[in-house]
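For reference, the structure is listed below as structure tokens.
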Amino acid sequence: MSIDMKYFEEMEAKIPHGKVRTRFAPSPTGYMHVGNLRTALYTYLIARHAGGTFILRIEDTDQGRLVEGATDVIYRTMAECGLSHDEGPDVGGPVAPYIQSERRDTYGKYAELLVERGHAYYCFCEKAESEEDSGEFDRADDPCRDLSLEEAKARVAAGEPYVIRQRIPKEGTTTFHDASFGDITVENKTLDDQVLLKRDGLPTYNFANVIDDHLMGITHVVRGSEYLSSAPKYNLLYEGFGWEVPTYVHCSPVMRDAQHKMSKRNGDPSYEDLKAQGYLTPAILNYVALLGWSPRGEISNQEFFTLDELVKAFDIGGISKSPAIFDIEKLTYFNANYLRNLPPEQFCKVAEPYIRQAVKNEAYPVSEIAALLQARCEKLTDIPEKVDFFDSLPEYGVEFYTNKKSKTNSEVSLDMLNKVLPKLEALPEWTNDAIHDMLVSFAEELGVKNATLMWPLRIAVAGKLVTPGGAVEICHILGREETIKRVKAGIAKLA
């Protein structure tokens, strides 16, 4: 063999061994969709569950698809989700660099090594990318496959443009093992001699992946099941180099419905879209974890997990082969639970921007409004329309005063408001307890149910059929002056 092996020996010597090593390797295309986030999460959980190393690698070899600022989206999403990486472009590590475009020279050397070993060849044929991607191929059509290495090298030395292709065996089968799908065997004649190194010297996605995974010591490769068809070619590359094959973990797709995969083109939400729609990061992460994975054993019925609990519970055997359908209503159910279980001061903090969208009057304290909302809120974006009545009383119809359960209609409501107005005006102190006790005892004095008095009062002060909190809390937050003004407006409307 004419190639100097010293470089490859040095690269081998750098590879860490002895523990689980996983990588999340996104392309910086500006969009962290739900399937990407799930891959990142599962990759992180496998590493952390085993006490291993989690690596972030940026795969930017497809220069045409790169989006400015997309790498920042990846870093920000990972940080917000608590998926901290041990090695990566921003933190370094023993097998740097962690950005594929900075590893360009490496791929060329390994492609040439594979040619020397007889598992790849120089190809000088003109083929458009669309032809390469069509999936239609006939190995007999490629005369370069049969060129002698000497002749091919002479043409390379003469400056002739070329690609390097994988030499797939014409006969036999290739079997690979997947942690979810088991053993899968394919006939080699169904596989194409894929391009490994393009004319511009950059590797194809499939080739760069294998080289980087080996040189970074990756033990478990997590990816979507759409890559199952590429796995035999990966295996043949590993075998061609004489390397150990990592554990494959192929995850079935996240679907919008039974027929359609989630995709940006269909307007399906990314992680950032879901946050903008009022979902909390821990709720998103918890729900995404269960899209294609189920806890087993004693915790098989558990739904709610912190990230630390997921680390303890996660095992590859729980990953399903069936596609998972993304259900926004189920995510909303998770989110509502997370919102309800936040410490009140934390809920107040996350709710404040949404409250202040609708309640500009700073005389109305955020903490008290937040306290009304916490048990009645499914998404943060629900908040503004629930509390907009504080700043100004909305237009409403007298029919709001009629409620069978509370035994009220317009006449009863007018009577109740007329009778309670002087009581509100004369109340010695304006506290929740004072307002509550006065209204309850006054209803008893009048010989009516509490609701018969409270319903019209709440409609008068809020102008809405559904409100967070009842008449007592709303009157307290509005203050005596505004409450009395609104009750008088209600009397005028009913009269």
Side-chain angles (χ1 to χ4, degrees), residues 15 20-27 35-36 38-40 42-43 45-47 55 57 59 61-62 100 107 110-111 114 117 119-120 132-137 139 164-198 203-255 261 292-293 315-324:
I15 300 172
V20 166
R21 287 173 64 82
T22 68
R23 51 73 171 170
F24 175 52
S27 298
N36 274 142
R38 185 185 65 171
T39 301
Y42 286 6
T43 309
L45 293 174
I46 289 168
I55 297 162
R57 182 171 81 220
E59 300 201 335
T61 53
D62 190 348
Q100 280 189 337
Y107 307 121
Y110 277 91
L114 205 61
R117 297 180 71 127
H119 295 279
E132 293 287 1
D133 295 341
S134 69
E136 295 173 19
F137 63 92
R139 244 179 251 126
I164 293 181
R165 290 182 179 276
Q166 185 174 5
R167 189 190 297 275
I168 303 284
K170 291 182 178 178
E171 309 296 330
T173 59
T174 296
T175 299
F176 68 93
H177 181 79
D178 178 80
S180 305
F181 291 85
D183 284 335
I184 297 177
T185 300
V186 298
E187 291 188 55
N188 290 333
K189 67 182 181 186
T190 64
L191 305 174
D192 65 322
D193 285 3
Q194 65 178 346
V195 173
L196 304 179
L197 204 70
K198 297 180 279 192
T204 55
Y205 170 83
N206 288 330
F207 186 56
N209 247 290
V210 168
I211 302 301
D212 288 343
D213 285 346
H214 174 71
L215 295 180
M216 292 182 179
I218 301 304
T219 60
H220 294 69
V221 173
V222 183
R223 57 179 167 234
S225 58
E226 64 269 26
Y227 292 106
L228 274 170
S229 59
S230 302
K233 292 186 276 192
Y234 295 147
N235 259 43
L236 288 167
L237 286 172
Y238 281 105
E239 288 169 15
F241 284 115
W243 294 339
E244 190 178 336
V245 178
T247 299
Y248 295 133
V249 185
H250 287 90
C251 303
S252 289
V254 180
M255 309 288 284
K261 275 175 67 175
W293 172 80
D315 70 308
I316 293 170
I319 295 174
S320 170
K321 288 190 281 191
S322 305

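What you see is a predicted model; the values in this text were computed from it and never measured. Sequence positions, counted from 1, serve as the residue numbers for this chain.
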* Is it true that K233 and D192 make a salt bridge, defined as a side-chain N closer than 4.0 Å to a carboxylate O? -> yes
* Can you tell me if R23 uses its side chain to pair, donor with acceptor, with the backbone of D213 under 3.5 Å? -> no
* Asked: Salt bridge between D178 and K321, side-chain N to carboxylate O under 4.0 Å?
  -> no
* Asked: Y227 and Y205: ring-ring contact (aromatic ring centres under 6.0 Å, His included), yes or no, with the steps?
  -> CA-CA 11 Å; Y227 292 106; Y205 170 83; 5.6 Å; yes
* Check whether any side-chain N or O of W293 sits under 3.5 Å from a backbone N or O of D315 as a donor-acceptor pair, and report yes or no. => yes
* To do: Have a look at Y248 and tell me which of H177, H220, R223 forms a side chain to side chain contact (heavy atoms under 4.5 Å, CB included) with it.
  => R223
* Asked: Do side-chain atoms of S27 reach the backbone of E59 as a donor and acceptor pair under 3.5 angstrom?
  -> yes
* Donor-acceptor pair, R21 side chain versus M216 backbone, under 3.5 Å? -> yes
* Asked: Can you find a heavy atom in the side chain of P169 that is under 4.5 Å from one in the side chain of L236?
  -> yes
* Check whether any side-chain N or O of T43 sits under 3.5 Å from a backbone N or O of V222 as a donor-acceptor pair, and report yes or no. => no
* Run the numbers on T247 and T219 for side-chain contact (heavy atoms from CB on, under 4.5 Å), then give the verdict. => CA-CA 6 Å; T247 299; T219 60; over 6 Å; no
* Asked: ring-ring contact (aromatic ring centres under 6.0 Å, His included) with F241: which residues, sequence neighbours excluded?
  -> Y110, W243
* Asked: Got a donor-acceptor contact below 3.5 angstrom from the D193 side chain to the R167 backbone?
  -> no
* For the side chain of N188 and the backbone of E171, is there at least one donor-acceptor N/O pair under 3.5 Å apart? -> yes
